[in-house]
Amino acid sequence: MARELTFKILRYDPSQPEIQAQFQEYKLTEKPGMTLFIALNQIREELDPTLAFDFVCRAGICGSCGMVVNGKPQLACKALTKNFNADFPITLAPMPGFELIKDLSVDTGVWMEAMTKRVESWVHTESETDISKQERPVDPDLANEIFELDRCIECGLCVSSCMTKLMRPDFVGAVGLNRVARFYMDPHDDRDASDFYELVGDDNGVFGCMSLMGCEDHCPKEIPLQSKIAYVRRELVKVGLKR
Amino acid sequence: MNIIYSDALIIGGGLAGLRSAVTCADKGLDTIVLSLVPVKRSHSAAAQGGMQASLGNTKMSEGDNEDQHFKDTVKGSDWGCDQEVARMFVTTAPKAIRELAAWGVPWTRIKAGPRTVVMNAKQVKIEEKQEAHGMINSRDFGGTSKWRTCYSADATGHSMLYGIANEAMKRDITIHDRKEAIALIHKDDRCYGAIVRDLKDGSLTAYVSKATMIATGGFGRIYRVTTNAVINEGIAQAMALETGKVALGNMEAIQFHPTPIMPSGILLTEGCRGDGGVLRDKDGHRFMPDYEPEKKELASRDVVSRRMMEHIRNGKGVDSPNGQHLWLDISILGRKHIEEHLRDVQDISKTFNGIDPADEGEKGWMPVLPAQHYSMGGIRTDKTGHSHLKGLFAAGEAACWDVHGFNRLGGNSVSEAVVSGMIIGNYFADYALDASITISTAEIQQALNKQDAYLDALINTDGGEDITKIKIRMQEIMNEKVGVFRNGGDLQSAYDELKELLVRSRNLTLKNKSRANNPELSNAYKTQKMLKLAVCVAKGALLRTESRGAHYREDYLKRDDKNWLKRTLAWWRAEDDIEPDLTYEPIDIMKMEMPPAYRGYGHKDMTVEHKDTAKRLTEIDKIKAENQTVDRYVLQDRIMPFELPMNYKNKNERLGDK
């Protein structure tokens, strides 16, 4: 028999501060293959047209739907309801660490754009490329290694599961440090360790990380954040010691 | 009144929009990009398998060049494309990929020496040359004569989008996300920007610009089952249509991808078959070679989707609680290959279906069924991307520029998005450099007030209709009656009911009366717009009494070059209309480099010939005979000259040149 699921969702609209944040419960009958994407849309279509949340690709590719599910940050589109115990409500809350828009919707875009600019997340080079000429060869294994780090979808789960970020609001986060590692490894980028030291060689950068590794535990793309943060720290310590 | 001025306003922050923005910024224009979502979440990111560009680096792509890419693209389009535009596209594609490489996109590279690949379900050893070591690799895709689809594993669109978005942010281009353009500002046949709704607080702002571009992707969400993201609703195409000055081209040309996973409809990349995966039926039989002995699973998408549906009709579908489907088997590629090159596919299949496709045999087979995937049609433009309304440009999937005609090849979508961003972005920027804003603030205020009143009316009308029900019914009609197989009876009934739905959608009662943070209100204005697109698709399909590319009429099986070698243009003449006025734009065979012929896959001898075909063939033979000593570039130019801006027409260097 189909199970009845209870969703307990944290509701708050910052544009109406007079109404206190509170949990609201909704009940749905479970369907085969139901995900939180399907469930939340059904709640909005049938029970409450005011409920706010974000989805785009609904396939775990775009990183839009991070939220805190039963206390753990994860992508809602990939959360299947069959994995939850129906004896308890499924509790949904917005990701901490980002500005709240409403209910489960948070503003990751503005934060990620600022992070991108802070670590200057683009290729720095003086050399001109003639695009009608052959491309510059790249070692195939190195290209794969860079791709591994390039797979980050900026979902923000690493930021919302980071204790350092709680203590230091300006902490650049694993997402930013991963980006540093990615461009440091990229042969197209001329920057060396001392250039990156200028960007993240402080307590709001790589030296602030307390190595609790909530980021690594929750990354939906299984990016090796632990070893890459250590790698960036090792490289930047060398610069720091020389100064 | 909220009013924001810019030189160049780009609506849509995917590959086409951001690449155009980069050009605008480089030319010194004050540029604003509007996006429904943070730009890196745009649907371009979901393109998995790759980007076609004739680099010719790998062993299996030796001898590839623009000519091959051109031929494949024209055949893929079933001769519906604009061949000059196709030439512009294939000539720029190698440059696009090399530019992206220099911007850090981590393309998968070639390793010199032997490697094992799967071809025709068998393992084959190929040897990569020493000089190709470290160059950009490519894989096989449907409807291509060479292995031309360059990739970064199976997250190609993601890597490309991040590469270009990073470049846009480097240039400090203004990006406003969570914004939705709902109407264009226009006067005297000239566009001056858009009225834009803030999706956070519901406020309206007039974005006034010298030039405006729409690069918002496709409109797959008018179908119930689609691979498209939830944001691909075609609102900008409808907004352009509503001006009465802009034509939408070939709206009936809708692509159905062969291998979305069922029942979620999430895409499994064509790279699955490109890398050697096969389709199987309920008996585990690999059926595609029975229908398409030459290209097998790698015929063009329209052909493979039709053959699959045909096979299901022949009683070979697999039964499931969600209806019938077929199997996609990639287990034969081996676990190592899957976990390296098809990892997102594995992740999707494991997460949503509990199937690990690397498991050997039946256990690893994934349930697939064709579903809506791509809109070949869109805002009709000229070769520079300029629409019928002056100052309004369109690029990427939102446009009908027309690289794809009636069927797009796999790997040509992200490729077109970036290339059109380069080419059209350039023409667009040049237009903005020369243009000025000659509309008064009073007229801008009027345009804004009109939308304000429109939204109030939506909230205050008490007609009793439920918008959610209307939207779902529209999607069901499109799925059931305007799908892979089409016929006059179904199309007529779809067309009639869609018009009825459009009328009903004007008599709503909304439960939530708030102007801000009200998903029901968004749904209301969006559904009205989507219904207009759906009616355009249905009417175009009903009137087009032939089968061409993805448009397949069971009652008109032949491709009819004699009567139908023309592009459908849909116009919305008056606001209260419930259907578009259709006109047709001829496609001139006498200007073609490649006159209509058999595609090399699909049914043979199924065309009604045009009298010009033979005439043009003779003419081309004559040009060839007179130019026996010239190289292929000069010969091409004598047959069908075309222009490109910047240095995009430079010859593309390849390994084989040396």
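Labels below follow one simple rule: chain letters A, B, ... track the order of the sequence lines, proteins then strands, and each chain is numbered from 1. These numbers come from a predicted model, not from an experiment. Basis for what follows: all heavy atoms, side chains included, without hydrogens, waters or symmetry-related copies.
- Distance check: A:Trp122 CH2 to B:Ile164 CD1 gives 15.5 Å after rounding to the nearest 0.5 Å.
- Note on B:Arg343 versus A:Glu148: salt bridge recorded, some NZ/NE/NH1/NH2 to OD/OE distance being below 4.0 Å.
- Note on B:Asp344 versus A:Lys221: salt bridge recorded, some NZ/NE/NH1/NH2 to OD/OE distance being below 4.0 Å.
- Side chains of A:Thr50 and B:Asn517 form no contact here, defined as non-hydrogen atoms less than 4.5 Å apart.
- If you measure heavy-atom distances from B:Arg171 to chain A, you find no contacts under 4.5 Å at all.
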Applying side-chain contact (heavy atoms from CB on, under 4.5 Å), run through B:Arg109 and A:Asp141 and close with a yes or a no.
CA-CA 8 Å; B:Arg109 304 281 174 149; A:Asp141 293 330; over 6 Å; no
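- For the atom pair CD1 (A:Ile131) and CD (B:Glu653), the distance works out to 13.0 Å, reported to the nearest 0.5 Å.
- For the atom pair CD1 (A:Ile101) and NZ (B:Lys200), the distance works out to 5.0 Å, reported to the nearest 0.5 Å.
- Listed for the A:Arg44 side chain is no donor-acceptor partner under 3.5 Å among the backbone atoms of B:Pro519.
- Of the possible donor and acceptor atoms, none in the side chain of B:Asn650 sits under 3.5 Å from a partner among the backbone N and O of A:Ser132.
- Heavy atoms of B:Asn523 lying under 4.5 Å from chain A are absent altogether.
- With a threshold of 4.5 angstrom between heavy atoms, A:Arg58 approaches chain B through its backbone and through its side chain.
- Ranked by heavy-atom pairs shorter than 4.5 Å toward chain A, the options B:Thr468, B:Asn652, B:Ile472, B:Asn512 are led by B:Asn512.
- For the set B:Ile231, B:Asn57, B:Val105, B:Ile136, the count of heavy-atom pairs under 4.5 angstrom toward chain A peaks at B:Ile136.
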Going through the checks in order, is the side-chain hydrogen bond (donor to acceptor under 3.5 Å, both in side chains) test met by A:Thr108 and B:Arg41?
CA-CA 10 Å; A:Thr108 54; B:Arg41 315 226 184 281; 2.9 Å; yes
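- Chain A forms the most heavy-atom pairs under 4.5 Å with one residue out of B:Asp201, B:Asp172, B:Asn518, B:Ile97, and that residue is B:Asp172.
- The side-chain contact (heavy atoms from CB on, under 4.5 Å) test with B:Pro106 singles out one residue from A:Ile146, A:Leu142, A:Val138, and that residue is A:Ile146.
- For the pair B:His133 (side chain) and A:Asp139 (backbone), a donor-acceptor distance under 3.5 Å is absent.
- Only the backbone of B:Ser264 comes within less than 4.5 Å of a heavy atom in chain A; its side chain stays farther off.
- Under the 3.5 Å distance criterion, the side-chain polar atoms of B:His158 are left unmatched by any main-chain donor or acceptor of A:Cys62.
- Interatomic distance, NZ of A:Lys78 versus CD1 of B:Ile348, reported as 8.5 Å (0.5 Å rounding).
- For A:Asp13, the part sitting under 4.5 Å from any heavy atom of chain B is the side chain, from C-beta outward, and nothing else.
- Note that CZ of B:Arg178 and CG of A:Asp54 are 4.0 Å apart. Values are rounded to the nearest 0.5 Å.
- Between the side chain of B:Tyr162 and the backbone N or O of A:Ile153 there is at least one donor-acceptor pair closer than 3.5 Å.
- Residues A:Thr129 and B:Arg98 fail the side-chain proximity criterion, which asks for heavy atoms closer than 4.5 Å.
- For chain A, the option among B:Ala155, B:Pro94, B:Ala101 with the highest count of heavy-atom pairs below 4.5 Å is B:Ala101.
- Interface remark: B:Thr91 contributes no atoms to any contact with chain A (heavy atom separation under 4.5 Å).
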